[in-house]
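Below, read A as the first sequence line, B as the second, and so on, with proteins coming before strands; counting in each chain starts at 1.
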Amino acid sequence: MKFAHSFSQVLEEEDFPADWQAAAIRYRQLKKCIKKVQKELSELGLTAEILKSLVKQSGAMMASEEGESTPKPGTVQSFQPKLVLTIDAVDGIPLDINFSEETRRSLENLVRKNTQTTEVEDGFQSIEVGSSQGETRPACVRFGRSVKNIEITLCSDSEFFHLLTSELTSLEALQSRAEGEIKSNVVAIGGAVTGVAAPKSANSKSDLYPWREIFRIYVESGIFFSNRESENHQERTVEKAQEQLALFNSEIHRLGLGTKFKNPCSLHLLRRFIGVNMDVLRVMRFQAINKLAMTKILKKFDKRTALGAREIFPEFIASDSFLASHLARAICYTMSSSLLNLIPQLDNYLCPICSSISVKPVRLSCSHVFCVRCLVKLQRAQKRSCPMCRRDAVLEADSSNLDLSLLSFLKEYFPKEAKLKQQENEREVAMEQWKAVHNDIFGGPKDCVIS
Amino acid sequence: MSLPKRIIKETERLVAEPVPGINAVPHDDNLRYFDVTIHGPAQSPYEGGIFRLELFLPEDYPMTPPKIRFLTKIYHPNIDKLGRICLDVLKGNWSPALQIRTILLSIQALLGAPNPDDPLANDVAQRWKEDEPAAIQTARDWTRTHAMV
Ligand SMILES: [Zn+2]
Ligand SMILES: [Zn+2]
């Protein structure tokens with residue numbers, strides 16, 4: 001009652017589009033359906049209490065009815081819930097131990113009713129629930145044991161699950177539609193940003209630097225997934241993602257990045273970029289509330305019927321993308337490949353020794369790249385092996401190892417950083433020369449130069 | 001003397017994303033000098049102990065490895081009385097692409113897997129080889145006495 005109310009309230013308040021509202025889980029209808037299942041079961045003489053005690057007695061799953069031959073995911077129509085009672089076909093001894101009289105009687109009735117239509121091998125049947133678990137009764141062993149399954153089709157049960165699965169199908173369709181829209185939006189923004197952020201050589205009003213900063217902060221904010229190794233890059237909850245997006249937003253404002261644009265289109269694009277992230281959040285919120293509705297309804301179903309649907313149903317639809325929550329992952333993938341990665345980030349072009357831009361970049365025969373200054377230091381110290389892979393590749397390197405295309409790429413995309421590094425290198429060389437002269441004069445050892 | 005970018009970056013990351021069980025904080029007045037603590041690994045004789053170390057980045061770091069020493073007394077075949085550590089990556093196998101965090105992880109691993117065949121503390125190693133249970137018990141006792149304060 002309470003949840004039904006708050007569920008519909010949330011759906012309204014969140015301002016989801018009409019077609020989303022229509023696709024949301026029909027919680028009230030499913031609840032009515034549970035009542036029907038309850039009625040049907042009690043007509044069979046099976047109250048929730050009896051079913052519960054059956055499950056407890058056998059330790060087996062009463063509710064193995066959810067399709068042993070699991071249909072292909074998505075083809076939900078093909079699935080037919082059944083109550084399967086496994087009975088001992090030979091054993092004349094009636095039920096085991098602790099069932100109450102009432103339970104025993106209703107089960108016997110049930111079996112009698114159903115065995116009329118199924119083939120009976122050997123006269124009187126007794127019920128044993130989940131006999132495959134092997135409750136070893138001497139009598140059974142002596143006569144050799146054959147078991148038999150009695151299947152009772154539950155009509156209203158099947159109605160409940162059909163309703164629920166069709167709900168999920170429409171939710172899934174809705175979600176993949178939303179996902180498609182968001183992705184194409186991301187790709188479009190990516191294309192536009194590549195234009196306004198093209199390097200100066202191609203674009204005199206280049207917004208390369210502010211956009212790079214925006215994307216760097218965006219990635220650092222870890223909005224949909226944690227960016228911490230220690231947290232295993234875990235997916236964020238909707239609430240946390242919302243928080244992180246707000247942090248990103250305020251950081252952009254704090255740094256005044258919106259005011260650093262030269263191209264008026266950039267500001268508009270920034271709004272679109274933030275908008276698309278809000279869209280993802282909205283889908284996530286919708287997904288979360290519907291997931292909750294589903295969990296609640298299955299819980300209710302189990303409480304009222306003791307058929308154990310909660311454990312089996314999610315498994316049955318496990319590959320369903322609605323529950324697999326791959327949305328954030330899929331969109332983040334598109335976001336990285338079609339938007340964020342279009343602007344190279346400095347962190348990917350750092351020399352692993354000095355942690356500043358690899359200018360000028362030297363590529364060893366093992367293909368690892370270092371800045372020329374660090375390589376020279378390695379060579380002077382007579383270090384033979386590559387710091388990354390330990391291959392003997394350092395001493396053989398010479399000017400032919402200069403990676404010229406990488407150098408021009410770095411100069412184009414990181415003009416400020418490259419220039420600064422160049423100056424630092426020159427200063428360092430000058431310092432060394434000065435020291436060398438100084439040492440010459442005062443007779444110091446020459447190889448102190450590089451220390 | 002300004003601090004090289006490499007050291008700044010490493011320090012930032014150590015603070016922002018600390019390694020579980022390892023803590024490294026630079027001195028305010030000397031950013032090349034770190035106070036380090038390492039938690040003894042679970043299922044080792046050092047479990048439950050918190051070991052203090054000092055770490056210094058020499059002038060030509062990362063061309064040469066950091067200098068590291070245990071300050072807390074520890075009974076370990078690869079660590080001597082002065083706290084010096086016998087670890088290949090701190091000596092000849094050092095690579096300038098290694099970092100403070102990777103080195104500290106290696107030291108933590110060394111606590112979990114003592115290697116008496118490559119000893120620094122010969123008497124400890126000897127005992128470790130002759131009577132391992134007794135040596136482990138001593139390591140445990142030392143941990144309780146010196147590293148659980
Ligand atoms: Zn370098
Ligand atoms: Zn290499």
Side-chain angles (χ1 to χ4, degrees), chain A residues 219-222 226-233 346-359 364 366 368-371 373-394 417 420-421 423-425 427-428 431-432 435 447-451, chain B residues 1-26 31-32 34 36-39 41-42 55-67 87-106 108-109:
Chain A
V219 171
E220 262 177 22
S221 305
S226 162
N227 45 356
R228 290 285 167 81
E229 248 167 74
S230 53
E231 292 168 357
N232 276 325
H233 302 278
L346 185 62
D347 274 358
N348 299 327
Y349 300 96
L350 297 180
C351 165
I353 298 177
C354 63
S355 294
S356 55
I357 190 167
S358 320
V359 164
L364 302 184
C366 57
H368 289 117
V369 175
F370 304 91
C371 79
R373 282 295 305 156
C374 289
L375 185 83
V376 166
K377 286 181 199 168
L378 284 173
Q379 288 185 334
R380 287 195 200 155
Q382 291 294 308
K383 306 271 189 221
R384 313 183 66 88
S385 55
C386 164
M388 300 299 284
C389 68
R390 298 189 189 277
R391 237 171 286 177
D392 188 356
V394 172
E417 292 84 351
L420 205 69
K421 179 66 183 292
Q423 287 167 356
E424 275 170 22
N425 286 352
R427 205 166 28 232
E428 220 178 288
M431 190 74 111
E432 279 176 11
K435 273 191 193 161
D447 54 9
C448 276
V449 183
I450 25 84
S451 67
Chain B
M1 187 60 132
S2 76
L3 207 61
K5 192 170 248 167
R6 155 83 189 237
I7 296 177
I8 296 171
K9 285 221 158 201
E10 275 199 63
T11 309
E12 276 173 359
R13 187 153 171 249
L14 277 171
V15 172
E17 255 189 86
V19 191
I22 293 175
N23 192 33
V25 186
L31 297 171
R32 288 175 173 270
F34 290 72
V36 177
T37 57
I38 294 181
H39 291 241
L55 182 150
F56 180 71
L57 302 175
E59 180 58 33
D60 52 354
Y61 176 82
M63 285 299 166
T64 58
K67 302 202 181 313
L87 188 62
D88 59 345
V89 284
L90 283 174
K91 308 270 152 59
N93 267 340
W94 167 254
S95 149
L98 292 171
Q99 301 186 357
I100 299 171
R101 64 193 301 127
T102 45
I103 287 299
L104 293 179
L105 274 169
S106 302
Q108 198 182 35

Visitor: Return the minimal non-hydrogen interatomic distance between A:I353 and B:P62, and the atom names on each side.
Guide: O-CG, 3.3 Å
Visitor: What part of A:L350 lies closer than 4.5 angstrom to a heavy atom of chain B: side chain, backbone, both or neither?
Guide: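 The answer is the side chain of A:L350.
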Visitor: Has B:R6 got a side-chain atom pairing as donor or acceptor with A:S356's backbone, closer than 3.5 angstrom?
Guide: no
Visitor: Does any heavy atom of chain A fall under 4.5 Å from the side chain of B:P4, the backbone, both, or neither of them?
Guide: neither
Visitor: Tell me whether A:R390 contacts the main-chain N or O of B:S95 through its side chain, where contact means a donor paired with an acceptor under 3.5 Å.
Guide: no
Visitor: For B:L98, is it the side chain, the backbone, both or neither that has a heavy atom under 4.5 Å from a heavy atom of chain A?
Guide: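 For B:L98, the side chain is the part near chain A, not the backbone.
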Visitor: Is there side-chain contact between A:I357 and B:K5, with at least one heavy-atom pair below 4.5 Å?
Guide: no
Visitor: For B:M63 versus A:K383, what's the shortest heavy-atom pair and its separation?
Guide: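 Result for this residue pair: O-CE, 4.0 Å.
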Visitor: Locate the shortest heavy-atom distance separating A:D347 from B:K9; write the atom from each residue and the value.
Guide: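 That closest heavy-atom pairing would be OD1-NZ, 3.2 Å.
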